[in-house]
K.L.:
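Below is the structure I would like to discuss, written out as structure tokens.
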Amino acid sequence: MASIEFTTQSISDKVRSGHRLSLDEGLHLHEHADLFTLGKLANFVREKKNGNVGYYNVNVHLNPTNVCVYRCIFCAFRSDLKDPKAYLMSDEQILHRAKEAEGRGATEMHIVGGLHHQMPYDWYLNIVRIVHNAHPNLHLKAFTAVEWEWFERLTKRPVGDILQEFKEAGLGSLPGGGAEIFNPEVRDIICEHKADTDNWLRIHRAAHNLGLRSNATMLYGHIEKPHHRLEHLEKLRELQDETGGFQTFIPLAFHPENTRMQHITKPSAMVDLRVMAISRIFLDNFQHVKAYWVMMGIKTAQVALSFGADDIDGTVVHEKIYHDAGSDTPQEMTVTEIQRLITEAGRLPVERDTLYNQVLRTEAAPNAFKIGGKLALAQV
Ligand code: V47
Ligand code: SF4
């Protein structure tokens, strides 16, 4: 076995002098550094990139159907076609949600769902088209790489063409879901059949090449091992070197309730913070790392703002994927609550739009907004 010629101290010095970590160095830190050393180092990187800002956004989720041809064993959201819990939203229901979103002052609608056995490609395209036509100021962050790959299968067309068609219909960017864990053996167990790692990366590359930004996620705390996490992060870092198109990385903790992996214990706050910190340190070419409070819980998300995260996502109305899997976080938080929890964590709350431009509002008309520019580090 090769001797290990680094220590936590030597790796920390490397990070502080702005150098990139190798996979082995990242793994060493993830497995051996004590939590506070890891946190301090992640906080160093976080403040270097984003100063004291804690970003949030005002968004709503739309999950147009829970019917899904796939059977990921970590998923509590999906339903069979004939299951009593199966649903499929009508155009009217979708438009009602979009109107409600705009009425609440949302800047973003996050659209993801199941791959319905019977719905054609045009049904998905129509969702983006009708919402965009009725509410052009709402940024549509829609469909994971798994869904885009499904659209390729439905149409037999290349994803570049499909993304272009959706872009013309009003698509704004891509969310980061569907990445799960890139290791093929683990992936085959937890989400057999759906878009594999090469396809997930290929689709994000195609989006970036069209000027569409996207996010990236990693599902942890199930059957993966720490080295699978580092391999996953390394693949994302490589693609980001190539395209620069990722905006935010979001580590997602596995929620076991109502899934086929119910026997697994949900990751502890310690694991959540460790994964958050190593992600921030390792992904040196990602500007943002998000502590998705719906998944982490509000209290851990607050601490995560000092363990690498600079963003806690949004007010998040109508979220189903985590709540079906037993998340006991509230269905939504008001802007005042979000601002309070960021301030309590010692950070400066800044509302952003999906593309990290500052959102400007007045107290007199809080549901109206203007989009400012990007924050310069000197301002924060
Ligand atoms: O891909 C599903 C995960 C993802 C469970 O881009 C689960 O801004 C834990 O990607 N326990 C979808 N995780 C959600 C997602 C996301 C969320 C917030 C923001 C953004 C963004 C993206 O949810 C799926 C899967 O990895 N997931 N079931 C579960 N039981
Ligand atoms: Fe379907 Fe997505 Fe659930 Fe997998 S995670 S079963 S693709 S809805």
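We count residues from 1, following the sequence as given. Read the numbers this way: they start at 1 and go in the same order the structure lists the ligands and their atoms.
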K.L.:
For His193, look at atom NE2 and say whether over 12 heavy atoms of other residues, nucleotides or ligands are found less than 6.0 Å away.
P.N.:
no

K.L.:
Check for me: within less than 2.8 Å of atom 1 (Fe) of ligand 2, which protein N/O/S atoms show up?
P.N.:
Cys68 SG

K.L.:
As an exercise, identify every atom of ligand 1 less than 4.0 angstrom from a heavy atom of Pro175.
P.N.:
6 (O)

K.L.:
Hey, is Ala253 touching ligand 1 through its side chain, its backbone, both or neither, going by heavy atoms under 4.0 Å?
P.N.:
backbone

K.L.:
I'd like to know if Lys141 contacts ligand 1, where contact means a heavy-atom distance under 4.0 Å to any ligand atom.
P.N.:
yes

K.L.:
Heavy atom of Thr144 under 4.0 Å from ligand 1?
P.N.:
no

K.L.:
Check side-chain hydrogen bond (donor to acceptor under 3.5 Å, both in side chains) between Arg20 and all other residues, then give those that pass, not counting sequence neighbours.
P.N.:
Asp241, Asp284

K.L.:
Purely on distance, is any nitrogen or oxygen of Gly177 under 3.5 Å from one on ligand 1?
P.N.:
yes

K.L.:
How about NZ on Lys85, more than 12 heavy atoms from neighbouring residues, nucleotides or ligands closer than 6.0 Å, or not?
P.N.:
yes

K.L.:
Pick out which of Asp310, Ile250, Leu252 makes a side-chain contact (heavy atoms from CB on, under 4.5 Å) with Lys290.
P.N.:
Ile250

K.L.:
Is any N or O atom of Thr259, backbone or side chain, closer than 3.5 Å to an N or O atom of ligand 1?
P.N.:
no

K.L.:
Heavy-atom contacts with Thr217 under 4.0 Å: which atoms of ligand 1 show up? List them by number with element.
P.N.:
10 (O)

K.L.:
Please list, chain by chain and in numerical order, all residues satisfying side-chain hydrogen bond (donor to acceptor under 3.5 Å, both in side chains) with Glu108, sequence neighbours excluded.
P.N.:
Asn57, Asn59, Lys141, Thr354

K.L.:
Applying side-chain hydrogen bond (donor to acceptor under 3.5 Å, both in side chains), name anything that partners Tyr87, two or more places apart in sequence or on another chain.
P.N.:
none

K.L.:
Take Arg46 and Asp311 through the test salt bridge (Lys or Arg N to Asp or Glu O under 4.0 Å) and record every step on the way to the result.
P.N.:
CA-CA 10 Å; Arg46 178 249 195 262; Asp311 189 318; over 6 Å; no

K.L.:
Should the ring pair Trp200 and Phe246 be called parallel, tilted or perpendicular, given that the plane angle runs from 0 to 90° and is split at 30 and 60?
P.N.:
parallel

K.L.:
Is Ile250 touching ligand 1 with its side chain, its backbone, both, or neither, if touching means heavy atoms under 4.0 Å apart?
P.N.:
side chain

K.L.:
With backbone taken as N, CA, C and O and side chain as the heavy atoms from C-beta onward, which portion of Tyr292 lies under 4.0 Å from ligand 1: side chain, backbone, both, or neither?
P.N.:
side chain

K.L.:
As an exercise, identify every atom of ligand 1 less than 4.0 angstrom from a heavy atom of Asn215.
P.N.:
6 (O), 8 (O), 21 (C)

K.L.:
Under a 4.0 Å N-O cut-off, is there an ion pair linking Arg229 with Glu224?
P.N.:
yes

K.L.:
Cation-pi between Arg16 and Phe44: NZ/CZ under 6.0 Å from ring centre and within 45° of the ring axis?
P.N.:
yes

K.L.:
Looking at His255, which atoms of ligand 1 are within less than 4.0 Å of one of its heavy atoms?
P.N.:
9 (C), 11 (N), 29 (C), 30 (N)

K.L.:
Quick one: closest heavy-atom pair of Leu305 and Ala345, and the distance?
P.N.:
CD1-CB, 3.9 Å

K.L.:
Ligand 1 and Ala76, any nitrogen or oxygen pair closer than 3.5 angstrom?
P.N.:
no

K.L.:
Go through it in stages, so that I can follow the logic: the residues are His139 and Ser173, the test is side chain to side chain donor-acceptor pair (under 3.5 Å), and I'd like the CA-CA distance, side-chain angles, deciding distance and then a yes or no.
P.N.:
CA-CA 8 Å; His139 179 107; Ser173 64; 2.8 Å; yes

K.L.:
When you measure from atom 26 (O) of ligand 1 to each heavy atom in Arg78, Met218, Met295, Glu180, which option holds the nearest one?
P.N.:
Glu180

K.L.:
Need the ligand 1 atom indices (1-based, order shown) with element for anything under 4.0 Å from a heavy-atom of Gly178.
P.N.:
1 (O)

K.L.:
Flag yes if more than 12 heavy atoms outside Lys40 fall under 6.0 Å of its NZ atom; otherwise flag no.
P.N.:
no

